[in-house]
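Worksheet for the structure shown next.
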Amino acid sequence: MTGPDDRGRFGAYGGRYAPETLMPALDELEREFTAAWNDRAFRSELGELLTTYVGRPTPVFHAKRLSEQLGFDLWLKREDLAHTGAHKINNTMGQALLAKRMGKPRVIAETGAGQHGVATATACALVGRECAVYMGEKDIERQALNVDRMRLLGAEVIPVDAGAGTLKDAVSEAMRDWVGSVEHTHYIIGSVVGPHPFPWMVREFQRVIGDEMHEQLHGAAEPDVVVACVGGGSNSIGAFATYVDDDVELVGVEAGGYGLDTGKHGASLIEGTPGVIHGSFTYLLQDDEGQVLEAHSISAGLDYPGVGPEHAAFRDAGIVRYESVTDEEAVEAVHLLSRTEGIIPALESAHAIAWVVREAASLVGKNVALVLSGRGDKDVTQIAALDD
Ligand SMILES: *Cc1c(COP(=O)(O)O)cnc(C)c1O
């Protein structure tokens, strides 16, 4: 399972459902990425930046106090310590360098909570690309800090007032921009979603997570279980890619929101059905007429109605086990990790923590490696408000 095949498919999933005008650009991107990924100079330039700028390798931390409480050994892959506070920079750094290599002076992106927007603006500042980030008006209000960060980094934040003024609408606007600007503009998608080659390319940029873990945990701490949260699915795929052929249980944790039975959640693999979203055939939350439903999660990064197509293939083949935890369980997990280990996790990452806590009895005696995808500073105000 190292796909995709030459049509950009992971089994039945993936592909390229995009306007005709974008097909040449997607072909070009596939060609350019393939060449770059096989080019030692490109790899070494990216590797150098990941080391000296992003702060890689991020450490693996043995959470001893929590391990003692839970009855198994918990190892945290500290993506929260990467520059800008999450794994997203691994991908934006790779794609920004690729934009430079392709001679495209302008980059666009879309963002919901602003984390991908900040990671994109950061990489663009570093490699000298003009940067425009589409963001729903409602999200601009809710995420003022990240909007200010993007502007400080020199990016233009373009408000989208169509639809509900959230991520789904920002994606449509970014696509529209790209159709008209593709000659000189690269579109940096923030997860393993979208038309081929994005799901494959983003996985390759994120597999550094799993490759480092493999080296760091080699020997006595060889994991029995690898667990990560799943929004679009990039931090989890980044870890799973390394372990997929090994005898390791892989667990992806989706957003259970208010509970699966309420319909207000982001569990597209558990509760969704196959269909086309944002250029790719995959599982998504949709009604009987095929209308995409609004996802819900307390964590903005998991609040997405689709999921990467490779996860869809993993789900059907039983290669990865997909579970969900509720908003409430995730918030409790933020408190638990903060107090027990002095690490405030992102609400997204807290979903993975919450799952290992709930499953503790079945994990006793095991080595559990968990991707701590990001730090929780961005969520502190939201969580404090809940406690009032
Ligand atoms: C964006 C984000 C996620 C979800 O995205 P994936 O593509 O599923 O990894 C998870 N954690 C953090 C901290 C994020 O910022």
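For clarity, every value in this text was computed on a predicted model and none was experimentally measured. Order of listing sets the numbers, starting from 1, for every ligand and every atom in it.
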Considering only N or O atoms, set out every pair between ligand 1 and the protein closer than 3.5 Å, with distances to one decimal place.
unit_1   : atom_1 : unit_2 : atom_2 : d
ligand 1 : 7 (O)  : S191   : OG     : 2.6
ligand 1 : 7 (O)  : G233   : N      : 3.2
ligand 1 : 7 (O)  : S234   : N      : 2.8
ligand 1 : 7 (O)  : S234   : OG     : 2.7
ligand 1 : 8 (O)  : G231   : N      : 2.8
ligand 1 : 8 (O)  : G232   : N      : 3.2
ligand 1 : 8 (O)  : G233   : N      : 2.7
ligand 1 : 8 (O)  : S234   : N      : 3.4
ligand 1 : 9 (O)  : H87    : NE2    : 2.9
ligand 1 : 9 (O)  : S234   : N      : 3.4
ligand 1 : 9 (O)  : S234   : OG     : 3.2
ligand 1 : 9 (O)  : N235   : N      : 2.9
ligand 1 : 9 (O)  : N235   : ND2    : 2.8
ligand 1 : 11 (N) : S373   : OG     : 2.7
ligand 1 : 15 (O) : K88    : NZ     : 2.6

*Residue list, salt bridge (charged side-chain N to carboxylate O under 4.0 Å, His left out) with K104, at least two apart or on another chain*: E28
_Between D177 and R106, does any side-chain N to carboxylate O distance fall below 4.0 Å?_
yes
*Considering residues, nucleotides and ligands other than R339, do more than 12 of their heavy atoms fall under 6.0 Å from its CZ?*
no
_Contacts of D327 that satisfy side-chain hydrogen bond (donor to acceptor under 3.5 Å, both in side chains) - sequence neighbours left out_ = H296
*Which residues satisfy the side-chain hydrogen bond (donor to acceptor under 3.5 Å, both in side chains) test with S234, sequence neighbours excluded?*
H87
*Any luck finding a side-chain donor-acceptor pair between Q115 and N146 under 3.5 Å?*
yes
